[in-house]
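Computed over heavy atoms, backbone and side chain alike; hydrogens, waters and symmetry mates excluded. All ligand and atom numbering here is 1-based and tracks the order in the structure. Sequence positions, counted from 1, serve as the residue numbers for this chain.
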Amino acid sequence: MVVGAVLAGAPTLAFYHLLDGLAMRQGENEVSASARRFIALAEARIGRAIATLDDLAELGVASCRPDHVEALKRANFANGSVKEFSLVSPEGETLCSDMETSVGNRSLLASQTVPVRPNLALDVVRIGDRGQRFVRIRRPAATGPNSIAALIPTELLIPQTTMQGAPVTANMRMSLADGAFVDGRTATVEGRSADRFVSSQLSPQYGLGVTMSMPLSSIDTQRSELNMLALAVSAAVVLAIIAFLFLLPARRRNNPVDEIERAIAAGEFIPYYQPIIDIGSGQLAAAEVLMRWRKRDGTVVPPAAFIPLAESSGLIVDMTRSMMRAVRDEMGPVLATRPHLRLGFNLSAAHFVDDQIVTDVQEIFEGSQMQMSQVVLEITERQPLDNLTSARRIIAALQGLGVRVAMDDVGAGHSGLSYMLKLGVDIIKIDKVFIDALGRDSNSTTIIGTLVDLARNMRMEIVAEGVENFEQVVALRDHGIKLAQGYVFAPPLPGSSFRRLIEATDARREPPASAYASPASPLAAAAAG
Ligand code: C2E
Ligand code: CA
Ligand code: CA
């Protein structure tokens, strides 16, 4: 949790600063943009008034004659932002205007010539008791000493609302080139702080300046919105990091290869033993070691659920090694006094990529209570080995140690007889599919006959696998097959049961002269059906 908060802290803080900077920049942009907008508005309105004054001069307007006053009225009608067109004396007195009534006494507050038009004057005028302020543009009349003038209310140059119609929250001040005050506005904002954003824009054409300023509080809404966003994003980041930290070990737990590695270290892979019976005598002759995964909760997982992954990950080599050690330690004592009993271990293709298996077998069984002659190694025919030459060499090296090699699942794969013969195995295990077809399918019966002949010629032993009923036992005996394995005798048994079975059915004795010949036993009676 703490790590998550710390990890999330730095980027969150940076993000927060980024957003705050963004809000500030937005504030700055906003004031300079509205200052530019107001200057442009003032320039447009003043420019239109000047154009109208030029038109009036061209029409010859120069006095208070009725037709000249009529021209002033028409001009006013056409120009929305000009309040009044008038004739002004050289002394600055308004002689007549387009208005019917007098607009009150006026005072001239400031004046300057227009930079782009030196014959034009730009005055600041206050009229009447209410003190309304105007910008007055004056130009010489067509003839004579008088001027024609246009009055623009300053409020048209300094709008009270934004383009969107919202009240302007900025302070604003318009001035002449010398700094003389034209008009301004002080925005009322609750809890206004000192102005933070300031922008000054100039109109060089008319000698006008606009200064706008906004307090920091004017962007409070945006900032608080951005702060909320920052908060939400930070919370999401913290949650994501915490979730990640929590899920990480879970993911590691859920990785099946990691899980197998952990189970190897915890010794959760254990051997089960399936008896192989001499069906001539009913005696226990051997067993196949079949791996089981006994989980911490006591559930026992069959190999189909983990062997494929163990093989593809290469972990099978480690697992086989620890299986061999466990079998040696668990069965060594009962095997030491029964040298005719053999145990078969399943190997995988991964065991034939190098000589490691030879070293492992030597190291594990040499000098142990379980002799090399009691070890059988089964190679499946289902997945053909990549390199037959090196497989042949490894098999020969294993046989050199005194162990026997069996070809497993014969008939189930596609490798065929020649494959089996090239590897030079000692035992063939006929797959359950042939045993199932025994008696039902004449082809299968013929093939078994051929295999038996071949095995006899090659001095190989035959084991029938997956024998499930006594009819099959009888048929196998008729074929001259001596060894069988299957549920009809026993399923794979836990080590303790298998050991008790050995002790109960097979007294300590010297190996019989012939490989599997032995006195009748209770199992033989069962096998004979
Ligand atoms: P497999 O080597 O052909 O082993 C024989 C399988 O047939 C075993 O299944 C056994 O329980 C089952 N079986 C025995 N008798 C009968 C029967 O009468 N009827 C039927 N329907 N099935 C019978 P299991 O123990 O589930 O093992 C399955 C496969 O897992 C094995 O086939 C073998 O290929 C692999 N395996 C088991 N242990 C190991 C191991 O330690 N190393 C390697 N590399 N593979 C192993
Ligand atoms: Ca096998
Ligand atoms: Ca098999």
>> We want to know whether Ser368 and Glu366 form a side-chain donor-acceptor pair, criterion being a heavy-atom distance below 3.5 angstrom.
In response: no

>> With no hydrogens and no angle check, just 3.5 Å: does a side-chain donor-acceptor pair link Glu288 and Gln274?
In response: no

Is [atom] in close reach of the protein, with a heavy atom under 4.0 Å away?
| atom | value |
| --- | --- |
| atom 9 (O) of ligand 1 | no |
| atom 21 (N) of ligand 1 | yes |
| atom 40 (C) of ligand 1 | yes |
| atom 34 (O) of ligand 1 | no |

Let me check something: any side-chain donor-acceptor pairs from residues 494-501 under 3.5 Å, sequence neighbours excluded? List them with distances.
{"residue": "Arg499", "atom": "NH1", "partner": "Glu330", "partner atom": "O", "Å": "3.3"}

Can you list the ligand 1 atoms lying under 4.0 Å from a non-hydrogen atom of [X]?
| X | result |
| --- | --- |
| Asp409 | 3 (O) |
| Pro303 | 24 (P), 25 (O), 26 (O), 27 (O), 28 (C), 30 (O), 37 (C) |
| Ser348 | 44 (N) |
| Gly466 | 16 (C), 17 (C), 18 (O) |
| Gly486 | 15 (N), 18 (O) |
| Pro492 | 11 (O) |

So that I can tick it off, tell me whether [Y] and [X] are bridged by a salt bridge, with the cut-off set at under 4.0 angstrom between side-chain N and carboxylate O.
| X | Y | value |
| --- | --- | --- |
| Lys482 | Glu461 | no |
| Asp355 | Arg393 | yes |
| Glu465 | Lys432 | no |
| Arg325 | Glu363 | yes |

Counting N and O atoms only, with roles assigned by atom type, does the side chain of [X] sit under 3.5 Å from a partner on the main chain of [Y], one being a donor and the other an acceptor?
| X | Y | answer |
| --- | --- | --- |
| Gln374 | Leu341 | yes |
| Ser444 | Arg440 | no |
| Glu381 | Gly411 | yes |
| Gln362 | Thr359 | no |

Measuring from the heavy atoms of [X], does anything fall under 4.0 Å of ligand 1?
| X | answer |
| --- | --- |
| Glu468 | yes |
| Thr380 | no |
| Arg382 | no |
| Glu288 | yes |

> Got an N/O contact under 3.5 Å between Gln485 and ligand 1?
Replying inline: no

> Are any of the N or O atoms of Thr320 closer than 3.5 Å to those of ligand 1?
Replying inline: no

>> With heavy-atom distances below 4.5 Å as the criterion, would you say the side chains of Phe352 and Ile395 are in contact?
In response: yes

> With a 4.5 Å limit on heavy-atom distance, are the side chains of Met407 and Glu378 in contact?
Replying inline: no

Note the single closest protein heavy atom to [atom], along with its residue, its atom name and the distance in Å.
| atom | value |
| --- | --- |
| atom 18 (O) of ligand 1 | Tyr487 N, 2.9 Å |
| atom 15 (N) of ligand 1 | Gln274 NE2, 2.9 Å |
| atom 5 (C) of ligand 1 | Glu465 OE2, 4.0 Å |
| atom 45 (N) of ligand 1 | Asn346 CB, 3.6 Å |
| atom 38 (N) of ligand 1 | Met291 N, 3.0 Å |
| atom 31 (C) of ligand 1 | Leu290 CD2, 4.1 Å |

> Of all residues at least two apart in sequence or in a different chain, which pass the ring pair (Phe, Tyr, Trp, His ring centres under 6.0 Å) check with Phe345?
Replying inline: Phe365

>> To the closest 0.5 Å, what do you measure between CG (Leu401) and CE (Met372)?
In response: 5.0 Å

> Taking non-hydrogen atoms only, is Arg292 closer than 4.0 angstrom to ligand 1 via side chain, backbone, both or neither?
Replying inline: side chain

> Taking heavy atoms and a distance under 4.0 Å, where does Lys432 meet ligand 1: side chain, backbone, both or neither?
Replying inline: side chain

>> If the test is salt bridge (charged side-chain N to carboxylate O under 4.0 Å, His left out), which one of Arg262, Arg292, Lys295, Arg294 qualifies with Glu268?
In response: Arg262

> Residues in side-chain hydrogen bond (donor to acceptor under 3.5 Å, both in side chains) with Glu43, at least two apart?
Replying inline: Ser203

>> With 3.0 Å as the threshold, which protein atoms of type N, O or S lie near the Ca ion (ligand 2)? Leave waters out.
In response: Glu288 OE2, Asn346 OD1, Glu378 OE1, Asp408 OD2

> Between Gly466 and Ile435, what is the shortest heavy-atom contact and its length?
Replying inline: O-CG2, 4.2 Å

